[in-house]
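Whatever order the structure lists them in is the order used to number ligands and atoms, beginning at 1. The first residue of the sequence shown is numbered 1, and numbering continues consecutively from there.
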Amino acid sequence: MKDSEKVFWDSMKNPAGNHHITAAFNSQSRTSSKLLLCLIFFISFTYLIYSLKLLSSPRLCSDSQPFSSSVDPLHNLTATAAISLSTSSQGGLPTTNQTELRHVVFGIAASAKLWEQRKNYIKLWFKPEEMRGTVWLDRKVKIDEDSDELPPIRISGDTSKFAYKNRQGHRSAIRISRIVSETFRLGLKDVRWFVMGDDDTVFVTDNLLRVLRKYDHTQYYYIGSLSESHLQNIYFSYSMAYGGGGFAISYPLAEALVKMQDRCIQRYPGLYGSDDRMQACMAELGVPLTKELGFHQYDVYGNLFGLLAAHPIAPFVSLHHLDIVEPIFPNVTRLQALDRLKIPMKLDSAGLMQQSICYYKSNTWTISVSWGYAIQIFRGILSPREVEMPSRTFLNWYRRADYTAYAFNTRPVSRNPCQKAFVFYLSNALLTNSTTGETVSKYIRHRAPQPACKWKSPSPSIIDFVKVIKKTDPKLWERSPRRNCCRVMKSKEKKTLMVEVGMCKEGEISEV
Ligand SMILES: *[C@@H]1O[C@H](CO)[C@@H](O)[C@H](O)[C@H]1NC(C)=O
Ligand SMILES: *[C@@H]1O[C@H](CO)[C@@H](O)[C@H](O)[C@H]1NC(C)=O
Ligand SMILES: *[C@@H]1O[C@H](CO)[C@@H](O)[C@H](O)[C@H]1NC(C)=O
Ligand SMILES: *[C@@H]1O[C@H](CO)[C@@H](O)[C@H](O)[C@H]1NC(C)=O
């Protein structure tokens with residue numbers, strides 16, 4: 001969701017957020033706290049009813065359902081369908097004519113008020129020589145000398161004739177929803193995808209391309225991801241691409257949208273934001289959301305660590321709400337932290353944030369690698385099904401909600417002092433052999449106070465550095481999704497743990 005458009009909404013949930021949020025909260029706090037209570041009550045009530053309904057309704061997927069029978073009358077049909085599918089829609093285009101960055105046009109939703117600060121996030125990822133895009137603002141801003149590092153700026157068309165009747169939201173939602181149409185109307189040539197994002201969204205464009213290449217741009221596609229918050233998804237939609245995480249619309253779909261969007265928007269004056277307006281129009285067009293797990297709305301507060309250290313097995317495409325969450329590396333500014341992430345991103349974008357799990361048998365340690373970001377060492381043996389679950393280092397978007405209100409599984413941060421992870425953050429990464437594509441990334445132990453532990457096994461505090469050896473693997477996502485394997489290696493360097501990460505070998509699995 002667009003931040004600058006939902007000042008009020010945010011203020012209800014996060015009075016401690018950034019500047020504009022706090023300001024809005026102060027001026028509206030009296031009326032808003034009443035509304036807040038009503039809203040919380042309404043949402044909890046809806047949620048309760050919803051949960052009860054789930055419990056009482058018959059199980060949709062009972063065990064007796066014939067998923068597969070040994071004699072399959074549809075077998076021949078399925079085989080034929082599979083063949084035609086691979087040659088047409090989903091199978092991807094011949095590599096000679098594959099989607100490149102020049103086929104993508106970005107539409108970035110921004111507001112003049114926050115521009116000076118937010119433009120720095122865009123500078124992190126946008127490359128004016130290689131990419132096309134437009135920043136859409138509500139009014140003119142002073143043009144600075146850094147404008148050549150940014151996409152061109154345009155002022156959105158007037159939307160005062162559109163009705164807006166949502167009491168919590170802001171009518172800028174209409175302006176932002178129309179960015180797709182306005183970008184389309186610029187009439188750029190050779191466009192396959194329109195990709196929308198906010199001014200506080202950072203894209204990993206190589207991975208965005210990897211995702212888009214899976215789909216046929218000559219057909220209708222609406223690609224993005226949900227909110228982390230179950231309540232947000234209930235309140236807005238489980239079928240909606242959250243705007244801040246970014247979403248992609250194929251050219252023909254944008255063309256179809258342009259023809260109807262203004263009429264469509266008029267039919268939903270009561271909706272809150274820009275992305276729910278978009279979803280309403282997609283529903284009228286009959287186009288469902290194609291969910292891709294690498295787009296991240298990050299509707300959370302606090303520390304993203306748990307989510308970034310256990311990323312789903314999918315290319316890492318975007319991050320959002322960067323002003324709201326803590327810097328992703330400790331003891332540096334938000335921008336410095338994101339800048340550091342660009343080092344592994346350049347070396348091996350496909351592998352960025354990809355988790356691998358292995359064991360240091362003689363020390364009975366569990367090692368979890370989130371390549372290019374952080375390493376965790378746990379005392380004892382934790383199974384992959386535990387380690388691949390994000391630990392709750394972050395807080396719910398709805399302050400009063402707990403882990404039952406996430407749209408995925410999480411695990412608690414362990415209370416046992418012996419099970420507190422030792423965390424090592426990326427300090428640098430290098431290509432060490434350009435022939436083999438071998439890289440070495442170095443991670444340094446975060447010196448957080450570690451509680452006393454009485455277990456006899458060696459303490460991971462004897463390790464100060466972790467070095468990870470990994471070959472670049474640009475074709476990672478052209479294979480079926482599978483977690484990489486990691487192996488603990490002999491180290492010649494003191495206080496250093498050496499780990500190798502790469503494709504699993506024949507028969508290799510994560511076990512002790
Ligand atoms: C289905 O496939 C089997 C072999 O796989 C073949 O013997 C059979 O004739 C096919 N049936 C039809 C209806 O095509
Ligand atoms: C590449 O794709 C574009 C757009 O789909 C199409 O117009 C063009 O003919 C294709 N070119 C080749 C060489 O296949
Ligand atoms: C944090 O950064 C400051 C300034 O760069 C430095 O002096 C300090 O040692 C750092 N603290 C830690 C724990 O790394
Ligand atoms: C790079 O790897 C190749 C193949 O293993 C090896 O022959 C070469 O010596 C390596 N180069 C460097 C600079 O280590």
Would you say atom 9 (O) of ligand 4 has a protein heavy atom nearer than 4.0 Å? no
Between Y121 and D323, a side-chain donor and acceptor under 3.5 Å: yes
Would a line drawn from the ring center of F316 to the ring center of H296 be shorter than 6.0 Å? yes
Does H230 have its ring centroid less than 6.0 Å away from the ring centroid of Y238? yes
Interatomic distance, W193 atom CH2 to L208 atom CG [nearest 0.5 angstrom]: 9.5 Å
What protein heavy atom is closest to atom 4 (C) of ligand 4, reported as residue, atom name and distance in Å? T436 CG2, 3.6 Å
Residue, atom name and distance, where the atom is the protein heavy atom closest to atom 2 (O) of ligand 4: N433 ND2, 2.2 Å
